[in-house]
Each structure stands twice: as C-alpha cells, then as structure tokens.
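All chains are named by letter (A, B, ...) in the order of the sequence lines, taking the proteins before the strands, and each is independently numbered beginning at 1.
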Amino acid sequence: MREPKSLDSLLTGEFCNGEQGNNMVQKGKISTGTKTEMLDAVESKSLRKSIPHFEIGDTVDVRCSIREGDKVRTQVFTGTVIARKGRGINETFTVRRIVDNEGVERIFPLHSPNVVDIKPIRSGKTRRAKLYYLRQRTGKAVRLAHRHSDHTGSK
Amino acid sequence: MAMLLGKKVGMTQAYDESGKLLPVTVIQAGPCAVMQVKTTETDGYNAIQLGYDDVKPSRRKNSQIGHARKANTTPKKFVKEMRLPDDVEPEYKVGDTITVSVFAEDKSVDVVGTSKGKGFAGVMKRHGFSGFPASHGTERKHRAPGSISSFASDAGHGGSPKKGKKMAGHMGNCRVTAKSHRLVAIDEEKNLLVVKGSVPGPAGGYCLVRSAKKA
C-alpha cells in the first residue's frame with residue numbers, strides 16, 4: 001500500500017520547523033502592518049507636532065508665511081473660526097472676517113508648515129460646530145457674544 | 001541602477017520641504033531576497049532574480065521550493081529578474097536581502113504595475129474620442145467611433161480599416177510603467193517608499209520599482 005504523503009508535512013518536517021527554517025522565515029519576513037498603519041506612518045511625518053488649542057467661534061490670529069520671489073514674510077489673518085473639518089493631514093479650519101463690508105474667508109490646512117502660528121485671542125459663545133449662519137449676517141450681528149475661557153486668557 | 005519588488009499600499013498626502021502639499025503613493029518595497037544570480041559565463045548575461053512576499057511552501061511546487069531553498073529562503077509570490085550590465089561582475093550573492101536603502105541616492109523612480117482592468121471599453125473611454133452630440137437629431141450613435149475607413153482606402157480590393165485603428169476593445173489589466181516619479185521619502189524601518197503622484201494598479205497590487213531611466 002502506498003503511504004499517504006502530504007506535501008505539507010514533508011515540507012514542514014524538512015525545513016520549516018528546523019532551526020534553519022526559522023531563520024529563513026525571519027529573513028524574508030516583511031514588516032507588515034495594515035494599510036492604514038502604513039499610510040498613517042507616512043502622514044505622521046507631515047503632521048504638526050503641537051496644535052494650539054482653539055475652538056469654534058474663537059477669534060484667532062493666524063500667522064502664515066508667504067513667499068514673494070525669494071523673500072519669505074509673515075502675514076497675519078485675524079478672524080472668527082467658523083468651521084473645522086477633515087481629519088489627519090486633511091484637517092482644515094475656516095477663518096472668516098469682514099473687510100470693507102465684504103466677508104472674507106480663508107481655509108487653512110491645519111498641518112501646513114506655512115501656517116506658522118495660530119493664536120486664539122477671544123472666545124465666542126456658540127451652540128454650533130459650524131458657524132455658516134454668520135455668512136448671512138452683516139454689521140454688528142456678525143459679532144459673537146463674548147465668553148470667558150481659559151485658553152484665550154481674555155476676561 | 002536599483003530595483004525592488006513591492007506592493008502598492010495606497011495614496012495619501014505629504015508636505016515637502018517648501019511647504020507644498022503633494023499627492024503621494026505609498027509603496028511597500030522589499031525586503032527582496034536574491035533568489036538567483038545569473039552571469040555571462042553561465043547564462044549569457046548578468047542579472048539577479050529577486051523574490052518578494054512569502055508564500056506557504058505547500059502552495060508551491062517542489063521545483064520552486066528547491067529553487068528558494070538554494071537561496072536559503074521561503075518560496076516567494078512575486079519573482080522578477082533585474083538585468084545588470086554585462087561587463088561588470090554582479091555584486092550580489094544568492095541569499096542576499098535588498099531593502100529600500102538601495103534607493104537612498106535616487107531622486108526619482110519608475111514604477112511598473114498592472115493597471116486596473118476596465119473590461120471591454122468603448123472608444124470614448126479607451127481612446128478619449130469625443131463621441132457625438134447628445135441631441136440635435138443624433139440617434140443611436142452618441143458614443144460611436146464614427147467612420148473607421150472608406151471603401152476607397154484599398155482600391156480594387158474593397159476597403160479595410162488601417163492597422164492600429166483605434167477601436168473599442170479590452171482596456172486595462174496590462175503592464176504600465178509610470179516614469180520618473182519623484183521619490184519623496186524613504187522609510188527604512190517600515191520598508192516604505194513614498195512616491196509623488198499615482199502609480200498603476202489597485203492598492204495591494206504588486207509593482208516593480210526601479211531607479212528612473214530618465215531623471
């Protein structure tokens with residue numbers, strides 16, 4: 001009678017359980033991780049180390065560096081944070097201000113190296129995560145009620 | 001000239017030194033085992049055979065297992081040859097491991113992959129033809145190729161379309177080379193290459209990365 005011989009047992013017996021076998025597996029081993037882990041590892045290098053704490057409705061000073069030819073200078077944009085969206089490297093925040101009776105909004109990528117500094121200077125009272133309703137308002141109505149908060153240090 | 005086999009992980013974004021946000025593809029490349037070294041004396045040309053991604057020995061034939069055993073490694077799923085110049089002795093030995101560090105000095109790479117299959121595609125999708133108007137009397141030929149030849153094109157024998165005429169047919173699922181893509185970063189710890197732009201094939205698909213032939 002022929003002895004049933006499985007390829008698997010033959011192989012494992014021969015060179016996968018032995019010392020040499022283990023060595024072999026080590027050598028060809030690929031440092032695995034899930035897709036998300038690997039993508040996060042790449043993204044994390046572009047992420048900002050520390051993000052200053054600011055909230056929706058805060059009035060912030062955003063200092064961003066602007067390249068003009070060879071010169072790099074810093075510009076300050078002051079306004080109300082009306083939205084913060086996205087996650088990871090895609091996270092952005094929207095700052096709205098009124099210039100000459102005209103609403104101006106700038107969307108800043110939170111992790112961009114060009115955004116040098118974000119400094120909250122005044123907290124506003126809000127009941128929404130997105131303050132898009134401010135776009136319909138003009139004049140005094142765009143001002144949010146002042147709120148005392150530790151992170152802005154305003155009284 | 002360096003070459004590695006790898007797997008496309010997916011796309012994301014990364015900032016470069018000047019603060020620009022780049023679209024990047026992450027490729028897990030290597031470590032690749034040198035399965036065989038070919039030389040001019042034995043094979044007529046110089047090359048090394050690279051293997052990537054372990055596979056259970058029970059899933060491979062004995063010949064492939066034996067081939068891998070010579071290199072003191074397990075059988076590999078993805079095996080490709082890397083041609084080396086004929087006049088220089090190959091510097092690699094059988095059983096060597098090649099990692100992403102071979103690209104340390106490269107600024108750009110070519111990535112070869114198998115594009116996503118699109119099945120039988122019409123001329124608009126396959127060759128970018130503009131089709132016909134949606135209205136103004138157009139009937140039943142909105143995405144048609146139009147005329148493909150005239151009767152007179154081969155006078156005396158009846159018309160026949162020219163060779164190479166762009167027509168509908170199978171699209172995708174073929175070897176595509178993405179040339180001269182900037183190498184943004186190398187992660188030696190996780191064996192990752194970060195390449196600017198897109199790369200053929202689905203996430204998880206095998207690809208071949210080599211130093212760019214044209215910088």
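Residues Lys35(A) and Gly10(B) come closest through the heavy atom pair CE-CA, 4.3 Å. Across Pro113(A) and Tyr15(B), no two heavy atoms sit closer than the pair CD-CD2, 3.4 Å. Annotation for Glu43(A) and Gln13(B): closest pair CG-O, 4.0 Å, computed over non-hydrogen atoms.
Highest contact tally toward chain B, considering only Ala41(A), Gly88(A), Ser46(A), Ser65(A), is held by Ser46(A) [criterion: heavy-atom pairs under 4.5 Å].
Shown here is Gln75(A), whose CD atom has more than 12 heavy atoms of other residues, nucleotides or ligands within 6.0 Å. Summarising the local packing, CZ of Arg83(B) is surrounded by more than 12 heavy atoms from other residues, nucleotides or ligands at distances under 6.0 Å. Annotation: Lys130(A), atom NZ; neighbour count of heavy atoms from other residues, nucleotides and ligands within 6.0 Å is above 12. No more than 12 heavy-atom neighbours from other residues, nucleotides or ligands sit within 6.0 angstrom of NZ on Lys93(B). Heavy atoms from other residues, nucleotides or ligands lying under 6.0 Å from CZ of Arg106(A) number more than 12. By the neighbour-count criterion of 12 heavy atoms within 6.0 Å, atom CD1 of Ile107(A) is sparsely surrounded, having that number or fewer from other residues, nucleotides or ligands.
A distance of 7.0 Å separates CG in Asn90(A) from OG1 in Thr12(B), rounded to the nearest 0.5 Å.
Heavy-atom distances place no part of Ala68(B) under 4.5 Å from chain A, backbone and side chain included. Residue Ala14(B) touches chain A through both its backbone and its side chain, counting heavy-atom pairs closer than 4.5 Å.
You'll find the side chain of Val194(B) stays beyond 4.5 Å of the side chain of Lys45(A), heavy atoms only.
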